[in-house]
K.L.:
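Dropping a structure here in structure tokens format, bear with me for questions.
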Amino acid sequence: MQPLFDSLPVVDFHRVFLKYDNGHSVLKNIQFSLEKGSFHFVTGASGAGKTSLLKLMYLAVHPTSGRLQIFGKDLSQVSASKLPDFRRRIGVVFQDFRLLDTLNTFDNVALPLRIIGMGEKEIKRRVGELLSWVGLENCMNEYPQALSGGEKQRIAIARAVINKPDLLLADEPTGNVDDAMAARILHLFLELNRLGTTLVIATHNQSLVRQFNKPQLHLSQGTLEIIQPMMTIEEENV
Amino acid sequence: MFKIKRKLPLKQASPFFLTWITMLMTFVAALTLFASMSLNNIISHWNNVVSGSLTIQQPTYDLNGLNRQDEALKELDVLQEFLKNQSFVESVHILNDDEMEKLMSPWLENLKVLNELPIPKLIDVTLKKNASFSLDSFKTDVNALAPYAQVDSHRIWLSHLIDLSSGIQKTIFIIILLLALTTAFTVIYTTRSSLLVQENTLELLQLMGAKDWSIAFGVASNSFTRGLCGAAIGLILSLPIVGVVITLVGSTPDSLFLQGALSTKQWSVIIALPLIVAALSFITALITGIRKLRTF
Ligand SMILES: Nc1ncnc2c1ncn2[C@@H]1O[C@H](COP(=O)(O)OP(=O)(O)OP(=O)(O)O)[C@@H](O)[C@H]1O
Ligand SMILES: [Mg+2]
């Protein structure tokens, strides 16, 4: 499925509100759009709604009101049977990883490829390549229970990028790895971004934000403010 | 599609419980089917044999125990002639002494006594197919020629037997229906509860773009395999019992029940039970799965 016009934003929020079933109003009047190939951080205090914002983008929750367009399509107009086509173009690194305990490293990473029905030979090649890139080629047959937090995080990242998604959403992707591995992961993301993947990374890690100097979608008290890179540096200096 | 089933993490989707239930259900279903088909065969055989024939007894003694053998034999000839001329009669056969001996041999040790016993002569009348006639007026005609003769129609006791057997058939049908329903409900229950247990996995698969039907297909394939295994074991366990029954029946001489032997077609229904059960499990799990996934 190719977007009709490459110029259409990959993500477009128009006056989006999100209220959870318990009545908690998390996001209010969110309005922004992300161009194809852009790179944004999502920042804000704990509980500000960063994960909730990503959930809207990976179609795990629906806006309570407002219009949300992904790949140029208004999601409220998309039938449930077409949602998988959208989701297959989106890679997600979950804050809590969400690896499957019953699968070993290889099978966890291979999951998105198996869902799209790729041949086992190609899967083996791709997964093997990526796992050695993130330094986990020796853990292929391990199960998540036997892995460290940082290793699990790298598996979650490998799973999110294995199918070269058009939109990559990463929720605290470097929270459990050392700085060297964090830089390595970010460079992988940058490489994908350079190849056209639209990138959104939610993080607390200010040094990361400073280092990469990209626009921020900053959340506070349920509202969103876009902070442009230059401002960030100035702000930090204040 | 089978690759999805094998590779997606849906293994625990149909708990082992399903195997046990399908095993039990198939075990009972196989025995019930075997019994009902045999019974059906016996009854329909009897029905064919009996409804196409009549027996007339011509006593050689009168009611006071006086020997009237000569008269009786004369009447017998007249009766035979009369019967041959009836439009609904196919053939008439008077049982000779050898045949009588054979008929009596299970009951009499010393066949020599046969001549001294007041055993009536027997006329075996085969009726034409679809013959229709009034039994009452036939009896009157016969007694006009041979006052002591008795016409035995097997239809009377047969009709009771047929009533009984159709009652049994209905009961068996209900049993089979209950077995099928129980199996279906078990599949629905196990599929639902396992989908709930795996909610996280399923949500993850959905978020990665797995289609509901392919997830449900994976779950259903597991149910199929479990159903097939359980049912196959159930069938295998029922076979020794069926075997014992067949052997017992086969060892009784001239057994009426031999007519109950199942045809190839009937055997294939019993042998196909595991496939039927597995298909039932598959379809039920598929529908339940898709409906459940839509609610996530
Ligand atoms: N499923 C839910 N139902 C009800 N309330 C929720 C749910 N998920 C999150 N919330 C609430 O919404 C608010 C925002 O949560 P969210 O997870 O989006 O924050 P966050 O910015 O990602 O926080 P953190 O930095 O700690 O990950 C929180 O107050 C949380 O309690
Ligand atoms: Mg969060």
Side-chain angles (χ1 to χ4, degrees), chain A residues 1 54-62 70-71 79-94 96-104 106-124 127 143-144 156 159-163 165-167 169 171, chain B residues 1-19 190-226 282-283 285-296:
Chain A
M1 195 175 91
L54 295 188
K55 273 186 183 171
L56 281 166
M57 288 191 257
Y58 59 73
L59 319 184
V61 292
H62 301 292
I70 303 280
F71 303 127
S79 75
S81 64
K82 289 274 178 279
L83 287 181
D85 296 333
F86 285 81
R87 289 171 166 149
R88 288 175 184 197
R89 297 173 64 191
I90 303 172
V92 185
V93 183
F94 299 95
D96 52 357
F97 315 141
R98 300 188 73 167
L99 301 179
L100 295 179
D101 291 340
T102 51
L103 299 184
N104 65 20
F106 183 94
D107 287 332
N108 261 297
V109 175
L111 206 50
L113 302 180
R114 289 190 169 134
I115 285 173
I116 61 171
M118 184 179 280
E120 284 300 307
K121 222 169 140 186
E122 177 69 5
I123 289 179
K124 214 169 175 152
V127 175
Y143 286 80
R159 187 182 63 187
V161 303
I162 188 79
N163 197 26
D166 292 328
L167 174 61
L169 308 168
D171 203 349
Chain B
M1 268 198 292
F2 283 99
K3 196 176 284 162
I4 294 179
K5 176 217 150 188
R6 193 159 42 83
K7 295 297 184 183
L8 290 191
L10 299 165
K11 267 283 175 285
Q12 336 80 306
S14 326
F16 206 57
F17 185 48
L18 187 57
T19 313
T190 51
T191 306
R192 279 206 187 154
S193 58
S194 67
L195 288 180
L196 274 185
V197 168
Q198 298 199 98
E199 207 164 344
N200 275 329
T201 305
L202 297 174
E203 197 202 1
L204 184 72
L205 292 176
Q206 279 185 323
L207 288 179
M208 287 179 168
K211 300 201 158 98
D212 287 354
W213 70 262
S214 77
I215 298 176
F217 187 91
V219 174
S221 307
N222 276 312
S223 291
F224 181 87
T225 317
R226 292 209 187 278
F282 180 85
I283 293 166
L286 191 70
I287 295 169
T288 315
I290 285 180
R291 292 184 53 168
K292 188 81 201 123
L293 286 165
R294 294 240 165 98
T295 66
F296 279 176

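Chain identifiers are assigned alphabetically (A, B, ...) following the order of the sequence lines, protein sequences preceding nucleic acid strands; residue numbering begins at 1 within each chain. Quantities reported herein were computed from a predicted structural model and do not represent experimental measurements.
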K.L.:
If you compare all heavy atoms of B/Glu203 against all heavy atoms of A/Arg98, which two are closest, and at what distance to 0.1 Å?
P.N.:
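Residues B/Glu203 and A/Arg98, closest heavy atoms: OE1-NH2, 2.9 Å.
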K.L.:
Using heavy-atom distances under 4.5 Å, tell me whether A/Leu83 contacts chain B through its side chain, its backbone, both, or neither.
P.N.:
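A/Leu83 has no heavy atom closer than 4.5 Å to chain B.
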K.L.:
More than 12 heavy atoms of other residues, nucleotides or ligands under 6.0 Å from CZ of B/Arg291: is that the case?
P.N.:
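No, because the 6.0 Å sphere around CZ of B/Arg291 holds 12 heavy atoms or fewer from other groups.
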K.L.:
Locate the shortest heavy-atom distance separating B/Ala210 from A/Pro84; write the atom from each residue and the value.
P.N.:
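Closest pair (atom of B/Ala210, atom of A/Pro84, distance): O-CG, 4.1 Å.
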K.L.:
Do A/Ile90 and B/Leu207 pass the side-chain contact (heavy atoms from CB on, under 4.5 Å) test, and can you show the C-alpha distance, the side-chain angles, and the key distance before you say yes or no?
P.N.:
CA-CA 9 Å; A/Ile90 303 172; B/Leu207 288 179; over 6 Å; no
K.L.:
Report yes if the side chains of B/Lys211 and A/Arg87 come closer than 4.5 Å at any heavy-atom pair, otherwise no.
P.N.:
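No. Closest side-chain heavy atoms not under 4.5 Å.
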K.L.:
Can you see which heavy atom on A/Arg159 is nearest to which on B/Leu204, and at what distance?
P.N.:
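Heavy atoms only, the tightest pair is NH1-CD2, 3.6 Å.
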K.L.:
So which part of A/Ala60 gets closer than 4.5 Å to some heavy atom of chain B, the side chain, the backbone, both or neither?
P.N.:
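Both parts, heavy atoms under 4.5 Å.
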K.L.:
Rounded to the nearest 0.5 Å, what's the gap from CG on B/Leu205 to CG on A/Leu111? Could you check?
P.N.:
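Between B/Leu205 CG and A/Leu111 CG, I get 5.5 Å after rounding to 0.5 Å.
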K.L.:
To the nearest 0.5 Å, how far apart are CG in A/Leu113 and CE in B/Met208?
P.N.:
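Interatomic distance, A/Leu113 CG to B/Met208 CE, rounded to 0.5 Å: 9.5 Å.
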